[in-house]
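First comes the structure, then the notes that go with it.
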Amino acid sequence: MIAFLIRRLFQAAIVMLTVALISFVLFNYVGDPINAMVGQDTSLQDREKLRQDLGLNDPIPIRFARFVANAAQGQFGLSYRTAEPVGRMILERLPATLELSLVAALFALCVGVPMGVYSGLHPKSWVSRILQAVSLIGISLPTFLIGILLILIFAVGLGVLPSFGRGETMKLGGWTTGFLTVAGLKALILPSITLGLFQLTLIMRIVRSEMLEVMRTDYVKFARARGLKSRAINFGHALKNTLVPVITITGLQLGQLIAFAIITETVFAWPGVGQLFVTSVYSADMPVMSAYLALIGFLFVTINLLVDLLYFAIDPRLRTAQAATRAA
Amino acid sequence: MNRWILTTALAFALAAGAPAAEAKNTLRWSSQGDALTADPHAQNEGPTNSFNLTVHEPLLYRNRDMKLEPALALTWKAINPTTWEFKLRQGVTFHDGSKFTAEDVVFSFKRAQMPSSDHRNSLDTIADVKKVDDYTVHFVTKAPNPILPNQITQIAVMSKAWAEKNKVEKPQDYKNKEETYAVRNAMGTGPFKIVRRDPGIETVLARNAAWWGWKTAQGGGNVDEIVYKPIKNNATRMAALLSGEIDFVLDPPVQDLDRIKRDPKLKVLEIAQDRSIFLGMDQGRAELRYSDIKGKNPFADKRVRQAMNLAIDRDTIKRVVMRGLSAPAGLVTAPAINGYTKELDTPTKANVDAAKKLLADAGYPQGFSTKLDCPNDRYNNDEQICQAVVGMLGKIGVKVQLDSQSKTLHFPKIQKRDTDFYLLGWGVPTFDSHYVFNFLYQSKGSWNATGYKSDNLDKLTADMAGEIDAAKRNALIAAAWKQAKDDVVYLPLHHQVIAWAMAKKVDMPILMNDQPQFRYAKIAAAPAKKNN
């Protein structure tokens, strides 16, 4: 177990370094940040001096080594654009992104699972067919279009929901939350539907196909023969057995939700880390971009590690396989 | 029982009446990008200056027509060729209640001249700023500087005592590892004060009731509170305006203006900006880098430049690309800038036949090929303008390959002189032609990538910098413009026309420097009852 953990941690570190390296090399092609930092009447000498001072003229390997050394100490430096500490900029915007992703995931689960169960139990009914068709739209329409459509209908047309921002937020220590005010909750509705729609359709389809499969298995037939109520069969036995892959997927998708909130955040002017990243790309704000990618990389590596460990704990075959190799 | 009903009714009446009594005029607005910092000297960038000059004040304001008017200074005059005297306004207080004096002016200008200040280039003619008495300041310049008052309208005056207390005597330095207090906090004398600022998320400003100017020509507004939230996405920003969640959008997308105009609750204001869009050609080097002509440089021949100038149909660009939002130009400087004349600015009429003939005379009957560098995220429809130009030049046989990129990649090309043919826009914060010659025409100008070198124009530029006599100086500027235009150094396209969109209940003049002045803003009282 310990050896397994160490091996996984070692692999995770390598992945993190690779992510950092790739992003770092890429950022050398997004352009010169100096223009975003100074006014148009700044002389060439001053620009060159600033470039020198920031170490932008050093070779990439040296700059990369400096970045990794600082990052390991949690130092991401100051933003080239606003001169604020990058770490704080990200931390201040993280609650917005996490709340949005969380609500989107809950929405996807709470709506997706019942929809999947229903269409799995009644695959031939017309409601299931409509659900299938709708889910196809959810998978194929791009996020920004769904967002704009929702804004057009509910904000511009009906005027019932806000078109942008987080509404009112409250500060709880270092965390800003939109959960405690009516305006904050209302502001969450459209963005979380937009962000969660793809996951919703994914979950619905997985649950549906799993249900279809489980319903054909022997133990369901025996349960039915034993005269159990259909609700007990459907939810007590069938659904429980479909949930293992669903939970795995949802866990992994949470990372995706956080990482791909970028588009939703841009459409809804949601003040989260995704929007911060987009703004930074426009002004070639390398410290923020590097820190953001490092954060997302860290998130995925952590989630993957946790999932692996869970498997190790849950699935007895993995453990026996290890014992077998050790014995051999 | 009856008493209980009465009490309840009274309570409700009071509750309903209370908010009405303290009804605030709140102006909610948005634009693409927030101010970068609350430190007024750390960045010299449009939205940042705009924000900082709402909280702070300069010595001189520009009025609705961009003419100078008193702000913290009441009068200003040159007492000898190298000294400007400013008499300051008395009885002005900072937002913390402390008194404003000459000390604060001296401190602020010295601060704005420090190496880490982004404003120091506009102040580099100043040798010293001296306090004469509590309300008199002398600006001593290195050489005679006739336009000093024009150069200081973006320089905010901050409280010296506050800066010293919070250890922000120097503007934020990028080398610094620590953020300074001034990045998020400010202490000025301006018409509005900061209530809350979350950069990039939300900024709330409140009316400074003690501001000196509310009843003067410099003020007149009735806004109690300004709430600003940046919205990057064009469609979302428009949706927020259409749904009434915000009252004012600084940068509505060009394609949505018609829709806003049709909306009964909204209006659009338009004005020609102090920014001109033009093309530059490297006419200095022996051979172009990106052309099929080897051994010589077609751009070096004036006839080629004239031919290209004739090939461009500026009216079509205005109609098709800009949807009416441009003023076709014959000059790379806009109206309201000292030295501008209507006559010089007459745009060249497109004439393909004449252009072809000139090109043939120059020895390129078959035309030639070249590469146009173009930004795609800096000016209104910049990439589409370049695409239109490519087509127009194609008609006379100049085959242009278009390379459009982000401004972070485009501008370094111009500064490193790594471009043969490029699109650029130029704004003139001093509202004086010298700024244009200094950067775009003189042979050492830091944004002159044309390789154009004229000893005469260099001399004219140097002379106009130091000539105090207004009439003589204007003669120098006129001579310089004549030469610049005759030599076809640049191909002017148009002056950018900006549009602001706002709710009809908001009354705020549009200003050609694209900086909203909320001190002017009035919000009409909401109608007693809604009938829709």
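In what follows, every chain begins at residue 1, and chains take the letters A, B, ... in the order their sequences are listed. Because only heavy atoms are used, hydrogens play no part in the values below, and waters and symmetry mates are left out as well, while side chains stay in.
- Along residues 244-251 of chain B, the residues that come nearer than 4.5 angstrom to chain A, judged on non-hydrogen atoms, are B:E245, B:I246 in order of number.
- With chain A as the partner, the residue from B:K407, B:Q32, B:E45, B:R120 showing the most heavy-atom pairs under 4.5 Å is B:R120.
- Residues of residues 146-157 of chain A lying within less than 4.5 angstrom of chain B, judged on heavy atoms, are A:I148, A:I151, A:A155, A:V156 in numerical order.
- Sorted by first and then second residue, the side chain to side chain donor-acceptor pair (under 3.5 Å) pairs with a member in residues 428-437 of chain B read A:Q40-B:Y435, A:D41-B:Y435, B:N338-B:D432, B:D432-B:R473, B:S433-B:W481; sequence neighbours excluded.
- By a heavy-atom distance cut of under 4.5 Å, A:T279, A:Y282, A:S283, A:A284 are the residues of residues 279-287 of chain A near chain B, going up by number.
- Shown here for A:R93 and B:P199, the closest heavy-atom pair between the two residues is NH2-O, 2.6 Å.
- Contact between A:T266 and B:T236 at its shortest, heavy atoms only, is O-OG1, 4.4 Å.
- Residue B:R259 places its CZ atom among 12 or fewer non-hydrogen atoms of other residues, nucleotides or ligands, all under 6.0 Å distant.
- Residue-environment remark: NZ (B:K413) exceeds the threshold of 12 foreign heavy atoms within 6.0 Å.
- Residue B:Q43 comes nearest to A:R81 through the heavy atom pair NE2-O, 3.6 Å, listed as atom of the first residue, atom of the second, then distance.
- The shortest side-chain heavy-atom distance between B:N121 and A:D46 falls under the 4.5 Å cut-off.
- Contact detail for B:V183 and A:A83: the closest heavy-atom pair is CG2-O, 4.3 Å.
- Note on B:E202 versus A:R166: no salt bridge recorded, every NZ/NE/NH1/NH2 to OD/OE distance being 4.0 Å or above.
- The two residues A:S163 and B:A239 make their nearest non-hydrogen contact at OG-C, 4.1 Å.
- For B:R184, the part sitting under 4.5 Å from any heavy atom of chain A is the side chain, from C-beta outward, and nothing else.
- Distance check, rounded to the nearest 0.5 Å: OG of B:S446 to CD of A:Q45 gives 8.5 Å.
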